[in-house]
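For the single chain, residues carry numbers from 1 onward in sequence order. Counting convention: from 1, in listed order, for ligands and their atoms alike.
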Amino acid sequence: MSLLKTFIDHFTRRDRAALGGGPEAIKKQVAQGKLLARDRIKAILDPGSFHEYDLFVEHKCSDFGMEKKQLPGDGVITGTGTILGHPVAIFAQDFTVAGGSLGLAHARKITKIMDHAMKLGIPLIGINDSGGARIQEGVNSLAGYGEIFFRNTMASGVIPQISIVLGPCAGGAVYSPALTDFVFVVDKISKMFITGPEVIKTVLGEEISMEDLGGARVQSEISGNAHFYAKSEAECFEQVKRLVTFIPWNNRKKADSFPPRFPKAGFDIGAIIPAKASQPYDVRDVIRAICDDSDFMEIQALWAANMTIGFARLEGHTVGIVANQPLVLAGVLDVDSSDKAARFIRFCDAFNIPLVTFVDLPGYLPGVDQEHAGVIRHGAKILYAYSEATVPKITVILRKAYGGGYIAMCSRHLGADFVFAWPTAEIAVMGPEGAANIIFKGEIAAAKDPEALRKQKVQEYAEKFASPYVAAANGHVDAVIAPQETRDFLVHAIEVSVEKNEHRPAKKHGVPPF
Ligand code: HXC
């Protein structure tokens, strides 16, 4: 073959493979409002930075007519590129090719790019759009999933792993995203479930649509499986690009520092907390009043909203924020909010991101439902995660810090490096009303005017404990600070902690209350 013919042949093969499942399948994909796999990758990465590998990989299956089927790229596109100049490894399942189903060759392409990501110490981004295990390949496709899950687990805490679900993610396939750090979903497009509507109808006789079973809103609001919800693929890709600015490229690095920015004007930090301790307020106003450019990237905003978590910067340094949200259930700890915070704390600890905790909660949520749902086991996760974390840990008690909630929210006793409290802080075993009712029960009952005595005892208890000064007198709080001083104290604490080096006892691993 002449040199010219060789090159023409090469480009013809490449263009044919890049066409994926062909015009009909592409038309179907576009008609569903979905982008094509390669276009998705290009929309996330820096322009011109995507380099594709394994385009010519072929499957070896010869059962059920598969020997006649050519599946370009075996239904998945893999490669490397950059985001804001930083390298990432990426794969995107191509639904136009056999429904993006996962056969052995498809899986091997994914595991190869995962191995690259691990060796190179760069984040892995996976775009899921697949009918699941390729039915014709039987156990070989199950083997492929297993090899992916194994690598997801090995990579956990070493490189950040991001999953974007942009189509079906059915059956055991959901466990790869579930093992990764952040899951992004898009309204009407993402569908995640273990058993689909047909199986549910057959086994349980119940009818449910895919959307109601495992659509984007369900996964963002009810199950908590998704961390970021977007209205469109374009919005989702902007979220991904924003997220990676806050996190480091691997666990040996720190997140990039940005030029320091003051919070935006318009937050009167001294006026956010209402005069009455029982009144709610939005803790995100406190966060935005303190962080650089008032830029707070909230995670799992729609699920377990009594706990607010996310990334922000202080004087250019990324911090992980964990805050009780008094707007929802008074900011209590419960099964879901404990899970939500604990996992985030572990992510920050694994990736050298200092933790800033804002405390305002009446304690753990009482009730039969919570007890039976395992609030003991789940609530223990947050204690474990904070105690285990060795990144700088800074706590600000804004208002209520009662009972187990006080201890759990990164108290000094769980290893906080710095604990600050606003003058409005109330640190006690429980609120003054409940406390006085219990410890002065007899006296109140025997009094001539029980109500007057009860009020007096509530007042006495409040004066003694519903303040930060007893805790400060005992060294449990390092400084009582005015709200306006908070940013300064936090920035200073972060900057003096830059070289923090704390170790835990050597062990194979702990046994957290998973
Ligand atoms: C082989 C598959 C496939 C699969 C889809 N296709 N899923 N091929 N194995 N799992 C093929 C279809 O045959 C079709 O091929 C093309 O992909 C497009 O599929 P459609 O059904 O036409 O698309 P759509 O109507 O959009 O429906 C999408 C879907 C549906 C809801 C995902 O395809 C579906 O229900 N698929 C099966 C889902 C499933 O049960 N998967 C197995 C889960 S168990 P042609 O040639 O006609 O274009 C599992 C175990 C993993 O994954 C365990 C790991 C631990």
Side-chain angles (χ1 to χ4, degrees), residues 19-37 40 58-77 91-111 114 126-153 163 165-180 185-186 188-204 207-216 218-219 225 233:
L19 253 186
E24 277 311 305
I26 290 175
K27 225 160 86 188
K28 195 172 157 193
Q29 175 91 347
V30 174
Q32 289 175 341
K34 290 159 71 180
L35 287 179
L36 298 175
R40 287 168 166 169
E58 290 177 3
H59 70 83
K60 306 273 185 300
C61 180
S62 54
D63 296 316
F64 304 105
M66 282 293 284
E67 65 280 6
K68 291 188 223 99
K69 282 202 176 165
Q70 280 221 316
L71 302 180
D74 208 45
V76 64
I77 293 155
F91 72 85
Q93 293 179 309
D94 182 355
F95 196 85
T96 70
V97 178
S101 57
L102 184 138
L104 193 60
H106 178 124
R108 291 266 155 86
K109 279 182 72 170
I110 295 177
T111 54
M114 293 175 89
I127 302 177
N128 297 264
D129 185 2
S130 165
R134 188 172 297 150
I135 295 160
Q136 299 91 328
E137 294 204 32
V139 68
N140 275 338
S141 33
L142 301 183
Y145 272 120
E147 288 174 20
I148 293 171
F149 302 160
F150 179 77
R151 282 167 178 78
N152 283 136
T153 308
S163 295
V165 179
L166 294 178
C169 185
V174 293
Y175 285 112
S176 178
L179 287 165
T180 62
V185 290
V186 173
K188 309 272 188 318
I189 289 179
S190 315
K191 317 255 183 298
M192 296 175 80
F193 44 79
I194 302 270
T195 44
E198 304 228 337
V199 178
I200 290 181
K201 195 173 165 194
T202 314
V203 178
L204 302 171
E207 297 232 20
I208 188 160
S209 69
M210 260 199 243
E211 188 64 31
D212 290 341
L213 179 64
V218 169
Q219 299 298 2
N225 289 325
E233 293 198 25

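- Contact annotation: for Leu142 versus ligand 1, heavy atoms closer than 4.0 Å belong to the side chain alone.
- Separation of atoms CE (Met210) and CG (Asp212) is listed at 12.0 Å; rounding is to 0.5 Å.
- Separating the CD1 atom in Ile148 from the CG atom in Leu102 is a distance of 5.0 Å, to the nearest 0.5 Å.
- For atom 37 (C) of ligand 1, the nearest non-hydrogen atom of the protein is Gly131 O, 3.7 Å.
- Atoms of ligand 1 found under 4.0 Å from any heavy atom of Met210, numbered from 1 in the order shown, are 31 (C).
- Here Ala133 has heavy atoms under 4.0 Å from ligand 1 in both its backbone and its side chain.
- For atom 6 (N) of ligand 1, a protein heavy-atom neighbour is found at a distance under 4.0 Å.
- Of all the heavy atoms of Ala98, the ones lying under 4.0 Å from any atom of ligand 1 belong exclusively to the backbone.
- Of the heavy atoms in Glu198, none comes closer than 4.0 Å to ligand 1.
- The OG atom of Ser141 sits 10.5 Å away from the NE2 atom of His106 when rounded to the nearest 0.5 Å.
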>> For Leu104 and Glu137: C-alpha separation, side-chain torsions, deciding distance, then whether side chain to side chain contact (heavy atoms under 4.5 Å, CB included) applies.
In response: CA-CA 8 Å; Leu104 193 60; Glu137 294 204 32; 3.8 Å; yes

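- Remark: ligand 1 atoms within the under-4.0 Å shell around heavy atoms of Ala170 are 52 (O).
- The OG1 atom of Thr111 sits 11.0 Å away from atom CG of Asn152, with the distance rounded to the nearest 0.5 Å.
- Counting only distance, with no hydrogens or angles, the side chain of Asn128 and the backbone of Val165 share no donor-acceptor pair below 3.5 Å.
- Looking at His59, Arg134, Lys109 one by one, the single match for side-chain hydrogen bond (donor to acceptor under 3.5 Å, both in side chains) with Asp74 turns out to be Arg134.
- For ligand 1, the polar-atom distance check against Lys28 finds a nitrogen or oxygen pair separated by under 3.5 Å.
- Among all protein heavy atoms, the one lying closest to atom 3 (C) of ligand 1 is Ser101 CB, 3.9 Å.
- A side-chain donor-acceptor contact under 3.5 Å links Gln219 and Asn225.
- The proximity of Phe149 to ligand 1, defined as any non-hydrogen pair under 4.0 Å, is limited to the side chain.
- When hydrogens are left out, the protein atom nearest atom 44 (S) of ligand 1 is Gly171 CA, 4.2 Å; that is the closest non-hydrogen contact.
- The CD1 atom of Ile200 lies 11.0 Å from the CD atom of Glu207; values are rounded to the nearest 0.5 Å.
- Counting only heavy atoms of the protein, atom 1 (C) of ligand 1 lies nearest to Gln136 OE1, 3.2 Å.
- When distances from atom 41 (N) of ligand 1 to the protein are checked, a heavy atom turns up under 4.0 Å.
- Between the CZ atom of Arg40 and the CG atom of Leu35 there is a distance of 6.0 Å, given to the nearest 0.5 Å.
- There is a protein heavy atom less than 4.0 angstrom from atom 10 (N) of ligand 1.
- For ligand 1, the atoms sitting less than 4.0 Å from at least one non-hydrogen atom of Arg134 are 1 (C), 9 (N), numbered in the order shown with element in parentheses.
- Within the 4.0 Å cut-off (strictly below), a protein heavy atom is located near atom 20 (P) of ligand 1.
- Inclusion of Ile135 in the set of residues having an N or O under 3.5 Å from an N or O of ligand 1 is warranted.
- Within 4.0 Å of atom 23 (O) of ligand 1, at least one protein heavy atom is present.
- Residue Phe149 qualifies as enclosed at atom CZ: its count of foreign heavy atoms under 6.0 Å is above 12.
- Put simply, no part of Gly196 is less than 4.0 Å from ligand 1, judged by heavy atoms.
- Taking a cut-off of under 4.0 Å to the non-hydrogen atoms of Pro168, the atoms of ligand 1 that pass are 32 (C).
- For Ser176 (side chain) and Ala173 (main-chain N/O), no donor-acceptor pair under 3.5 Å exists by modelled atom type.
- Scanning all protein heavy atoms for the shortest distance to atom 46 (O) of ligand 1 gives Lys69 NZ, 4.0 Å.
- Ligand 1 lies out of reach of Glu137, whose nearest heavy atom is not under 4.0 Å from it.
- Inside a 4.0 Å radius of atom 30 (C) of ligand 1 there is not any protein heavy atom.
- Closer than 4.0 Å to atom 34 (C) of ligand 1 lies none of the heavy atoms of the protein.
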>> side chain to side chain contact (heavy atoms under 4.5 Å, CB included), that's the test. Do Met66 and Leu71 meet it? Break it down for me.
In response: CA-CA 9 Å; Met66 282 293 284; Leu71 302 180; 3.8 Å; yes

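- More than 12 heavy atoms of other residues, nucleotides or ligands shown are found within 6.0 angstrom of CD on Gln32.
- With contacts defined as side-chain heavy-atom distances shorter than 4.5 Å, the pair Lys60/Asn140 does not qualify.
- Shown here, atom 54 (C) of ligand 1 is in close reach of the protein: a heavy atom of it lies under 4.0 Å off.
- Proximity to Tyr145 (heavy-atom distance under 4.0 Å) selects the following atoms of ligand 1: 51 (C), 54 (C).
- Not a single heavy atom of Lys191 sits closer than 4.0 Å to an atom of ligand 1.
- Polar contact with ligand 1: present for Gly99 (N/O pair, distance under 3.5 Å).
- Taking 4.0 Å as the cut-off between side-chain N and carboxylate O, Glu211 and Lys188 do not count as a salt-bridged pair.
- Surrounding CD of Glu67 are more than 12 heavy atoms belonging to other residues, nucleotides or ligands, all under 6.0 Å away.
- Looking from atom 27 (O) of ligand 1 to the surrounding protein, the closest heavy atom is Phe95 CZ, 4.5 Å.
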